[in-house]
Number of protein chains: 2
Amino acid sequence: MSDAGDSRRQDERRFWLYVLDVHAEIYGRLNRAMKAETDISVTKFDALAQLYRYPDGLTMSALSEALRVTNGNVSGLVARLEKDGLAERTMSEQDRRSFTARLTPEGRERFERALAVHDRVLSHCLDPLTEPDLAEALGSLRRLNAGLKITG
Amino acid sequence: MSDAGDSRRQDERRFWLYVLDVHAEIYGRLNRAMKAETDISVTKFDALAQLYRYPDGLTMSALSEALRVTNGNVSGLVARLEKDGLAERTMSEQDRRSFTARLTPEGRERFERALAVHDRVLSHCLDPLTEPDLAEALGSLRRLNAGLKITG
DNA sequence: TTGACTTATTTTACATATAAAATTAATTTC
DNA sequence: GAAATTAATTTTATATGTAAAATAAGTCAA
C-alpha cells in the first residue's frame with residue numbers, strides 16, 4: 001500500500017540526509033583548513049565577519065541575533081576573541097548595561113586572510129557543481145529558505 | 001574589473017549561506033520538537049537510527065564511523081544513551097578491547113516514536129518545496145555529494 | 001520615590017563536538 | 001616469547017551550543 005505520500009516522504013528524508021552530509025563535509029573542510037592556516041575556527045570567522053560588516057561595532061545582543069545563537073553563547077565567544085586579540089568590548093556611555101564589540105586592527109587583518117582561505121576551500125568544495133547546477137541548487141534553496149521564514 | 005570568476009564566487013558564497021540557514025533552521029526545529037515531545041535530541045536520534053538499522057549492534061568504532069564523529073564523542077554519547085536506558089554496551093567475547101552497542105527494547109520503542117515526530121516536522125519544514133522543486137534540489141545535492149566524495 | 005517590570009548581559013549546568021594523550025588488549029617481528 | 005607496533009576505546013582539555021537562573025541597570029506607574 002505505497003502511495004504518493006510515501007514517495008514524497010522518502011524524497012524529504014533523502015533531501016535532509018544530503019543537506020546533513022553536504023553541511024558536515026563542507027563545514028568540516030572549512031574548519032580544518034582555516035584552523036590550520038589562520039588559527040581561526042568557522043565559529044570565530046562568522047563572528048568576525050559580522051563585526052567586519054559593522055566597523056562601529058555591534059552590541060552583544062545584536063551580534064547574538066546576527067549569528068542566530070544565544071546571548072550566553074556570544075558572551076563566551078567574544079571573551080575568547082578578546083583573549084585572541086581579535087576583538088574588544090567597550091561599555092556604552094548611554095547605557096551601562098550595554099557593551100559594544102568591535103574588531104581590533106589585528107582582527108580585521110586576520111579576518112581578511114581567513115576570508116581568502118574560506119573562499120579558496122569553498123570553491124574547491126563546489127567544483128563538482130557546474131554553473132547551471134549551482135544556479136539550480138541556489139534557486140531551490142532560496143525558495144526553501146523563503147518558505148521557512150513564512151511558515152514559522 | 002569584475003569577471004565571470006567573481007560572479008561564480010558570489011554564487012558559491014550565496015549557496016553556502018543558504019545551506020547554513022536551511023541547516024540551522026531545520027535542525028533547530030527538529031531538535032526542539034523532538035526534545036519537547038520525546039525527550040530525544042537529534043544527536044541521540046541519529047545514533048539510535050544507526051543502532052536500529054543493525055539489530056545485532058555496532059562496535060563503538062563502527063558507530064563512530066557511521067555517525068561521522070570521533071571515537072571519543074561516541075564514548076560519551078553511548079554512555080548518555082545507557083543512562084537514559086535506550087542502549088546498552090556489551091564486551092566482545094573475541095576481542096576484549098571491543099564493545100558492541102545495541103538498542104534496548106525501550107530504545108527501539110522510543111526511536112519509533114521519535115521517527116514519527118521527525119518525519120512530521122521535516123514534512124512541515126519542506127512544505128514550501130513543490131514536488132519538482134524538491135526533485136531538483138535533491139538532484140543538485142546528490143551530484144554535489146558525489147563530487148565531494150571524489151575530490152577528497 | 002519606590003516598587004514592579006523590562007532589558008542587556010553573564011553565569012551555570014549540561015549536551016555535543018574535536019584533537020591528543022592515555023589505557024588496555026591484540027598482533028607482529030625478531 | 002619479549003619487544004615493538006597496531007588497534008579499540010576512554011579520558012582530558014577545550015570549543016561551541018542551549019536553556020534557565022542570576023545580576024545589574026534602565027523605565028515606568030502609582
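Protein chains get the first letters and strands the later ones, always in sequence-line order, with residue 1 at the start of each.
Remark: of the listed residues His23(A), Glu25(A), Arg29(A), His23(A) is the sole one forming a side chain to side chain contact (heavy atoms under 4.5 Å, CB included) with Tyr27(A).
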Where do N or O atoms of nucleotides 17-19 of chain D meet protein N or O atoms at under 3.5 Å, pair by pair?
from: dG17(D); atom 1: O5'; to: Asn73(A); atom 2: ND2; distance (Å): 3.2
from: dT18(D); atom 1: OP2; to: Thr70(A); atom 2: N; distance (Å): 2.8
from: dT18(D); atom 1: OP2; to: Thr70(A); atom 2: OG1; distance (Å): 3.1

Write down the protein N/O and nucleotide N/O pairs, taken from nucleotides 23-29 of chain C, whose separation is under 3.5 Å; answer none if there are no such pairs.
from: dA26(C); atom 1: OP1; to: Arg96(B); atom 2: N; distance (Å): 3.0

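Smallest separation of non-hydrogen atoms from Ser61(A) and Asn71(A): CA-OD1, 3.8 Å. Closest non-hydrogen pair, Leu129(B) versus Ser140(A), comes out as CD2-O, 3.8 Å. Nearest heavy-atom pair across Ser92(B) and Asp95(B) is OG-N, 3.1 Å.
Straight-line distance from the CG atom of Leu81(B) to the P atom of dA15(C): 11 Å, rounded to whole Å. Across the protein-nucleic acid pair, Lys44(A) atom NZ and dT18(C) atom C1' stand 13 Å apart, rounded to whole Å. The nearest whole Å value for the distance from the NE2 atom in His23(A) to the C1' atom in dT16(C) is 14 Å. Rounded to whole Å, atom C1' of dA15(D) lies 10 Å from atom NZ of Lys83(A). As rounded to whole Å, 17 Å separates atom P of dA17(C) from atom CD of Glu65(B). Residue Met34(B) contributes atom CE, which lies 11 Å from atom P of dT16(C) at whole-angstrom precision. Between the CG atom of Asp46(B) and the C1' atom of dA17(C) there is a distance of 14 Å, rounded to whole Å. Rounding to whole angstrom units, CG of residue Leu48(A) and C1' of dT16(D) are separated by 15 Å.
Note on Ser75(B): a base of the nucleic acid sits closer than 4.0 angstrom, heavy atoms only. The residue Ser64(B) sits apart from the nucleic acid: no heavy atom pair falls under 4.0 Å.
At least one donor-acceptor pair closer than 3.5 Å links the side chain of Thr104(A) to the backbone N or O of Gly85(A). The main-chain N or O of Met34(A) is found under 3.5 Å from a side-chain atom of Thr38(A) such that the two form a donor-acceptor pair. A donor-acceptor distance shorter than 3.5 angstrom exists from the side chain of Glu82(A) to the backbone of Arg89(A), with no hydrogens or angles considered.
Residues Thr90(A) and Arg102(A) have side chains that bring a donor and an acceptor to within less than 3.5 angstrom of each other.
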inquiry  = Under the criterion side-chain contact (heavy atoms from CB on, under 4.5 Å), I'd like the reasoning laid out for Lys44(A) against Asp84(A): C-alpha separation, chi angles, the key distance, then a yes or no.
reply    = CA-CA 10 Å; Lys44(A) 286 177 179 175; Asp84(A) 296 342; 2.8 Å; yes

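Of all nucleotides listed (dA8(C), dT16(C), dT9(D)), dT9(D) comes nearest to the side chain of Ser98(B).
Nearer to the 5' terminus of DNA chain D, by closest-nucleotide assignment, is the contact made by Thr100(B) (compared with the other of Ser41(A) and Thr100(B)).
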